[in-house]
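Note that the structure is a prediction, hence the values are computed from the model and not measured. We count residues from 1, following the sequence as given.
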Amino acid sequence: MSNQTVSPGALLAGRYRIAELLAEIDGARVWRAVDEVLSRAVVVDVLPVGDPRTNLLFDAARRAAAANDPRFLRVLDCDMHDGVTYCVREWAGGRTLERMLGSGPLTGQQAGWLAREVSEALENLHRTGYAHGAISPATVVITDAGAIKVIGVATEAALRSSGAGSPEEDVHSLGQLLFASLTGRWPGPAPAWAMQPAPVEHGRLLSPRQVRAGVPRSLDDICDRLLGDPPRHHAPPITSAAGLSAALSGVVGSSHEPPNQMDETVQVARQNGSVDDATQVVPQAPPPALDPTPQPAYDAEPNGYRPPQAAYNPATETRPVRRQPPPSSNGNGRRRHEEPKAKGGWGGRILILLAILALLSVIAMAQFLLKGAMNNDQGSGDGGTKSSAPPQTSSTPSATTGGKAVIASAKDFDPDGDDVEHPKDVKNTYDGDPSTTWKTQSYRNKPNLGGLKPGVGIYYNLGAKTSVSSVAVALVGDDTTFQVLIPNGDTTKPPASIDGWKAVATKEDQPEGTVNVALPAGTQSQYVLVWLTKLPKVSDGYQGIISEVTIQK
């Protein structure tokens with residue numbers, strides 16, 4: 001048996017029935033399986049025959065056995081079968097912190113509680129002399145019940161060949177996790193975990209309060225003591241999980257119950273003395289609920305695994321918000337009662353109504369006169385001047401630039417399959433009705449169309465060679481990767497093979513919604529192909545769904 005022969009339905013070591021591929025890590029495969037002896041779901045890491053990480057994985061499994069904190073998912077078994085090395089771990093349904101931060105940063109209470117839970121678990125692990133080695137938003141899972149689970153103790157680092165790590169590195173990684181939870185930005189020099197890097201000023205990382213308004217001062221100081229080099233105001237650095245859990249407990253308390261959804265507005269933060277800047281940058285998206293809510297089938301992410309995605313998504317648009325002066329008071333800590341406004345009589349209301357009717361009449365008359373003048377200017381009378389554009393042919397680009405291109409027809413494109421991909425539904429993608437859709441076939445095991453073909457799509461016929469500036473694609477389902485292609489060479493004919501097309505734009509791991517794709521200047525073609533190469537998760541596999549496509553000149 002080899003790593004490649006371990007597939008859904010296979011029985012590994014006479015006990016673990018392989019069910020679904022969850023992830024691939026540098027050639028290692030992570031499977032969801034069923035322990036048929038104990039009738040429970042498990043996760044199985046599988047290394048191919050002769051993989052040099054075999055000894056690392058065995059050693060990591062032994063170290064993970066020392067992690068007895070209930071917040072760590074335990075290693076249940078580690079052995080070899082027919083030359084294949086496998087490691088069996090507990091299963092927990094839920095969502096990773098990485099997925100949650102894709103909806104926006106957490107509230108201060110949520111972020112502090114989550115970091116405290118992980119730090120307490122690490123504190124117990126570090127007492128044994130071992131470290132996790134791979135703390136990240138992808139290895140912290142919020143279960144369906146709202147509890148925190150940390151996956152991959154030691155084993156995640158072994159699979160990634162990143163070394164065993166140290167307690168100090170775990171604490172620094174947890175500082176990055178806390179920063180990201182508070183701001184939605186990654187505190188590193190490069191994008192990571194679907195987040196853009198946090199801003200830097202004069203070579204120093206900005207504090208969370210400088211990135212996002214409403215972050216409590218206490219959590220801002222803890223972040224700086226974890227990541228500041230050196231910390232501001234000569235504060236002592238936090239280098240141990242015990243010190244971090246103590247500091248966080250002083251801010252969010254010691255309860256293990258998850259906090260509810262909270263709306264920490266700037267006003268509330270100001271009342272607590274945690275906002276004092278005149279101008280702050282406020283993200284537009286509200287914080288997600290910490291207790292996971294039921295997700296659509298294609299958004300399911302059991303045990304924290306999902307297909308690989310792009311390094312980051314575009315950051316949420318931010319805007320400066322000016323502080324407002326506090327409400328006036330009467331000196332006794334109470335707000336002044338507003339004077340009641342005098343109510344107008346019926347006579348005044350009738351006069352206002354008559355004035356509005358008169359204004360509407362004037363506006364209507366002005367529009368009528370303006371329309372008549374424009375018709376006279378554009379008329380075709382004896383003394384009038386009439387202009388016309390030269391006729392267009394299929395070999396000459398459209399002289400009109402800007403505006404929506406007219407789609408004359410469209411066809412499904414499946415050159416490496418059976419040449420058929422729901423052709424009757426293709427018209428739904430340009431009928432102007434976003435409620436109608438076109439779907440690919442459902443593919444199993446892998447989001448890249450099950451590894452069976454490079455992609456499928458639809459090509460659109462514009463009727464003539466046209467300048468194309470952008471393409472808008474409305475997607476249903478998260479994590480769709482697609483390309484926009486035009487024929488390579490004669491752009492007035494649709495090639496029969498994908499090799500005859502050239503990509504002019506690529507969008508990776510896009511969330512549900514409309515994706516606007518700008519094309520290179522000067523792009524001209526009669527045919528435009530929207531080519532799906534990675535599909536969202538659905539209940540029975542992976543399937544791409546497009547509701548509308550708009551092409552701009």
Side-chain angles (χ1 to χ4, degrees), residues 3 12-13 15-16 22-33 35 38 40 42-81 83-92 96-97 115 117-141 143 147-177 239-245 303-305:
N3 192 15
L12 181 63
R15 177 172 182 173
Y16 306 108
L22 300 176
E24 291 192 41
I25 304 175
D26 297 332
R29 294 186 176 181
V30 183
W31 297 91
R32 179 175 64 85
D35 183 348
L38 299 179
R40 62 180 178 181
V42 293
V43 177
V44 183
D45 302 324
V46 178
L47 293 177
V49 177
D51 193 289
R53 291 169 291 180
T54 296
N55 291 334
L56 293 176
L57 187 59
F58 276 118
D59 182 63
R62 284 189 289 269
R63 285 185 281 117
N68 55 9
D69 190 284
R71 285 162 287 205
F72 290 126
L73 295 180
R74 296 177 300 156
V75 171
L76 305 174
D77 191 9
C78 191
D79 207 343
M80 295 183 68
H81 177 71
V84 170
T85 303
Y86 65 92
C87 183
V88 182
R89 297 182 283 112
E90 282 185 303
W91 167 274
T96 63
L97 178 61
E117 286 288 291
V118 179
S119 66
E120 285 185 357
L122 289 175
E123 178 183 355
N124 296 331
L125 176 66
H126 293 168
R127 288 196 186 103
T128 67
Y130 297 125
H132 183 285
I135 291 292
S136 73
T139 56
V140 175
V141 175
T143 69
I148 298 299
K149 294 291 184 180
V150 181
I151 65 176
V153 179
T155 59
E156 187 81 2
L159 293 177
R160 299 183 183 276
S161 302
S162 57
S166 66
E168 291 77 12
E169 291 173 341
D170 280 354
V171 174
H172 183 270
S173 297
L174 188 48
Q176 293 178 311
L177 186 148
T239 58
S240 69
L244 177 57
S245 60
N303 209 51
Y305 283 106

Item to check | Distance in Å, Asp35 CG paired with Leu76 CG, rounded so as to fall on 0.5 Å steps | outcome: 8.0 Å
Checklist entry - Would you say Asp170's side chain and Gly133's backbone share a donor-acceptor pair under 3.5 angstrom? => result yes
Item to check | Residues which pass side-chain hydrogen bond (donor to acceptor under 3.5 Å, both in side chains) with Asp51, listed by chain and number, not counting sequence neighbours | outcome: Arg53
Checklist entry - Quick one: does Arg40's side chain get under 4.5 Å of Trp91's, heavy atoms only? => result no
Checklist outcome for this item: Note: Phe72 and Glu90 closest approach over all heavy atoms is O-OE1, 3.9 Å
Checklist entry - For residues Glu123 and Ser245, is any side-chain donor paired with an opposing acceptor at under 3.5 Å? => result yes
Item to check | Heavy-atom pair of closest approach, residues Cys87 and Cys78 | outcome: CB-SG, 4.1 Å
Next on the checklist: Looking at every non-hydrogen atom in both residues, tell me the closest pair between Ala158 and Ala60 and how far apart they are.
Outcome noted: CB-CB, 3.8 Å
Checklist entry - Tell me, do Trp31 and Tyr16 make a side-chain contact under 4.5 Å, heavy atoms counted? => result no
Item to check | Donor-acceptor contact present, side-chain His132 to main-chain Ile151, <3.5 Å | outcome: yes
Item to check | Heavy-atom check, side chain of Val140 versus side chain of Ile148, under 4.5 Å | outcome: yes
Checklist entry - Quick one: CG on Asp69 to CZ on Arg74, what's the gap to the nearest 0.5 Å? => result 12.0 Å
Next on the checklist: When you compare the side chain of Thr85 with that of Phe58, does any pair of heavy atoms fall below 4.5 Å?
Outcome noted: yes
Item to check | Side chain Lys149, main chain Pro70, donor-acceptor under 3.5 Å | outcome: yes
Item to check | Residues in salt bridge (Lys or Arg N to Asp or Glu O under 4.0 Å) contact with Glu117, at least two apart in sequence or another chain | outcome: Arg71
Checklist entry - Shortest non-hydrogen contact from Arg63 to Ala164? => result NH1-CB, 3.9 Å
Checklist entry - Should Arg15 and Val88 count as side-chain neighbours, where that means a heavy-atom distance under 4.5 Å? => result no
Next on the checklist: Are the side chains of Val150 and Ile135 in contact, using a 4.5 Å heavy-atom criterion?
Outcome noted: yes
Checklist outcome for this item: So CG of Leu174 and OG of Ser136: to nearest 0.5 Å the spacing works out to 11.0 Å
Item to check | From Arg127 atom CZ to Leu122 atom CG, the distance as rounded to the nearest 0.5 Å | outcome: 11.5 Å
Item to check | Exercise: identify the closest heavy-atom pair between Val153 and Ala67 | outcome: CG1-CB, 4.1 Å
Checklist entry - Which value, rounded to the nearest 0.5 Å, describes the distance between Leu97 atom CG and Leu177 atom CG? => result 5.0 Å
Item to check | Stepwise side-chain contact (heavy atoms from CB on, under 4.5 Å) check, Leu47 with Leu159 | outcome: CA-CA 9 Å; Leu47 293 177; Leu159 293 177; 4.0 Å; yes
Checklist entry - Would you say the side chain of Ile25 lies within less than 4.5 Å of the side chain of Val30, judging by non-hydrogen atoms? => result yes
Next on the checklist: Using a 3.5 Å distance criterion without hydrogens, assess whether the side chain of Thr139 forms a donor-acceptor pair with backbone atoms of Ala134.
Outcome noted: yes
Next on the checklist: To check you understand the geometry: which heavy-atom pair defines the closest contact between Thr128 and Ala66, and what is its length?
Outcome noted: CG2-O, 4.0 Å
Checklist entry - Under a 4.5 Å cut-off applied to non-hydrogen side-chain atoms, are Glu168 and Val171 in contact? => result no
